[in-house]
2 protein chains.
Amino acid sequence: MNSLTEENYLKALFNLSQENGEVSVNELSKHLQIKMPTVTSMMKKLSDKKLVNYESYKPLKLTEKGRREAGLVIRKHRLTEMFLVDKMGFGWEQVHEIAEQIEHIHSPEFFEKMDELLGYPKFDPHGSPIPDKTGKVEWIHYSKLSDCKAGDAVKLSAVTHSSDEFLKFLNTRELKLGTKIRIKSIEAFDGSMTISYGKHLSEHVSCLVCERLLVEKE
Amino acid sequence: MNSLTEENYLKALFNLSQENGEVSVNELSKHLQIKMPTVTSMMKKLSDKKLVNYESYKPLKLTEKGRREAGLVIRKHRLTEMFLVDKMGFGWEQVHEIAEQIEHIHSPEFFEKMDELLGYPKFDPHGSPIPDKTGKVEWIHYSKLSDCKAGDAVKLSAVTHSSDEFLKFLNTRELKLGTKIRIKSIEAFDGSMTISYGKHLSEHVSCLVCERLLVEKE
DNA sequence: TTAAATAATTAGATAAGACTAACAAATATA
DNA sequence: TATATTTGTTAGTCTTATCTAATTATTTAA
């Protein structure tokens with residue numbers, strides 16, 4: 001059984017290693033807001049538990065076991081977010097903080113019941129895939145809106161950040177998952193875009209926003 | 001902000017001091033399964049935080065502030081139990097363990113939403129009153145079934161123990177809250193009773209069980 | 001290719017919350 | 001009332017998870 005703290009390290013490693021599978025101590029330290037020596041010592045501990053491959057001065061990698069256990073925590077997080085939105089009436093911008101706590105509840109029955117009541121959902125309210133009961137996650141490769149070209153027609157399928165402020169911003173612009181977007185133009189010097197969707201015929205969005213929106217080409 | 005550990009001590013003090021308002025270190029130690037020296041030092045800490053009136057070798061008493069904060073934890077526990085039973089379809093014997101964990105979630109909105117979805121319930125699935133938003137609880141004085149006389153007709157209104165095994169036992173006997181019970185006879189030597197209710201015309205229940213059933217006289 | 005900057009580790013300290021062993025106070029019993 | 005038992009406290013240790021300061025590797029830049 002992993003402690004709440006260990007679960008948080010595993011989850012962070014899982015999320016950070018999505019790209020290349022490797023994470024530096026420094027990255028992990030910054031992401032968790034925990035000083036590097038503390039991270040180093042936890043990596044040794046998780047290495048003893050066969051959850052992380054750790055060698056001095058080498059990048060960190062989750063083992064298969066570590067990936068599985070991290071996946072199970074993330075499964076609980078995402079199921080919870082879905083439950084809060086679908087069954088309790090929260091907005092997608094409100095659920096991250098609550099799920100961050102509920103993901104550590106130890107009760108298979110509780111999450112089993114959520115899953116059942118939700119009808120076994122495959123994605124959470126931010127478009128992230130929900131790992132299966134073994135902790136495995138189907139990795140879907142969406143494009144960033146920022147990587148699209150002027151003229152492209154795409155569908156908003158997920159967001160990469162779940163902070164309250166960012167999602168509230170999307171709410172004010174009426175940008176939600178499923179929204180069909182057309183890229184009217186891209187500013188060459190800062191990567192910001194002018195897009196149209198629904199009733200919004202001409203909205204300007206910054207590069208930062210574009211990088212956080214994941215889309216599927218139509 | 002109290003730690004999870006502190007919350008558990010407060011809650012235990014609250015529950016144990018229902019009778020006379022005072023609890024001994026020994027009692028608290030046994031109830032929490034934590035050795036006495038640990039309890040003593042935590043009492044000093046809670047005393048510094050003005051949550052407990054602590055003096056060496058004197059019985060423990062929650063302060064007004066302590067009672068309020070304990071009440072708020074118990075409110076979260078009982079709202080959760082109600083939610084699990086009413087909105088998620090758990091049995092009353094399954095919810096204690098889960099609520100024991102969820103009661104420590106820090107999110108007023110989460111419990112506010114539960115309360116709203118449940119229609120502001122006054123009692124949990126075991127008949128215990130749910131403290132209000134200030135942590136205050138309406139103390140209702142039911143009788144123990146074991147204190148009733150032969151011939152009494154009563155209604156089962158609450159149970160004093162929420163363990164899985166005990167509640168499963170009540171399930172098998174189809175004893176639920178609201179059940180009208182008539183006491184047919186009482187064994188003088190062990191206090192066990194023969195009772196009738198619903199389709200059960202003659203059930204024998206031990207003294208231990210009678211002490212855990214709270215009833216209202218009709 | 002050496003010096004500077006960055007990243008990582010080691011060593012040692014601290015706080016929370018648990019423990020045991022030993023002692024002291026209060027209560028119960030002979 | 002004197003003694004035995006039970007209850008409570010003190011002192012000191014352990015573990016987990018954090019920190020800072022100092023040191024060592026590695027990487028980057030001159």
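Throughout, protein chains are lettered first and strands after them, A, B, ... in sequence-line order, and every chain is numbered starting at 1.
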Integer-rounded Å distance: C/dA26 P and B/Glu55 CD: 12 Å
Between C/dA18, D/dT10, D/dT16, which one does the side chain of A/Lys45 approach most closely? D/dT16
Just the rounded figure in Å: distance from P of C/dT9 to NZ of A/Lys58. 11 Å
If the cut-off is 4.0 Å, is B/Thr38 near the phosphate of C/dC19, judged by side-chain N/O to OP1 or OP2? yes
Taking only N and O in the side chain of B/Thr5, is any of them less than 4.0 Å away from OP1 or OP2 of C/dG17? yes
Using whole Å, what does the distance between atom P of nucleotide C/dG17 and atom CE of B/Met42 come to? 5 Å
Rounded to the nearest Å, what distance is computed from the CD atom of residue B/Glu27 to the P atom of nucleotide D/dT6? 17 Å
Regarding A/Glu22 and A/Lys58, does a basic nitrogen lie under 4.0 Å from an acidic carboxylate oxygen? no
The answer to which of A/Tyr57 and A/Glu6 contacts DNA chain D further toward the 5' end, by nearest nucleotide, is A/Glu6
d(CG, A/Leu28; P, C/dT9) in whole Å: 11 Å
In whole Å, I'd like the distance from the CE atom of B/Met36 to the P atom of D/dA11. 17 Å
Looking just at side-chain N and O atoms, do B/Lys11 and B/Asn15 make a donor-acceptor pair shorter than 3.5 Å? no
Examine D/dT10: is either OP1 or OP2 under 4.0 Å from a nitrogen or oxygen in the side chain of B/Lys44? Give yes or no. yes
note: A/Leu46, atom CG; D/dT16, atom C1'; distance rounded to Å ~ 13 Å
Atom CD of A/Gln33 to atom C1' of D/dC19: distance rounded to whole Å? 15 Å
Nearest listed nucleotide, side chain of A/Ile34, among C/dC19, D/dC19, D/dT7: D/dC19
Is B/Thr40 near enough to D/dT9 that one of its side-chain N or O atoms lies under 4.0 angstrom from OP1 or OP2? yes
Approximate separation, where rounding is to 0.5 Å, of A/Lys176 NZ and A/Arg173 CZ: 14.0 Å
Angle class for the A/Phe166/A/His161 ring planes (parallel below 30°, perpendicular above 60°, tilted otherwise)? perpendicular
Does the side chain of B/Ser192 come under 3.5 Å of the side chain of B/His204 through a donor N or O and an acceptor N or O? yes
Heavy atoms from C-beta onward define the side chain here; which of D/dA17, C/dA8, C/dG17 lies closest to that of A/Ser3? D/dA17
Assign B/Ser41 to base, sugar-phosphate, or nothing according to its heavy-atom contacts below 4.0 angstrom with the strands shown. nothing
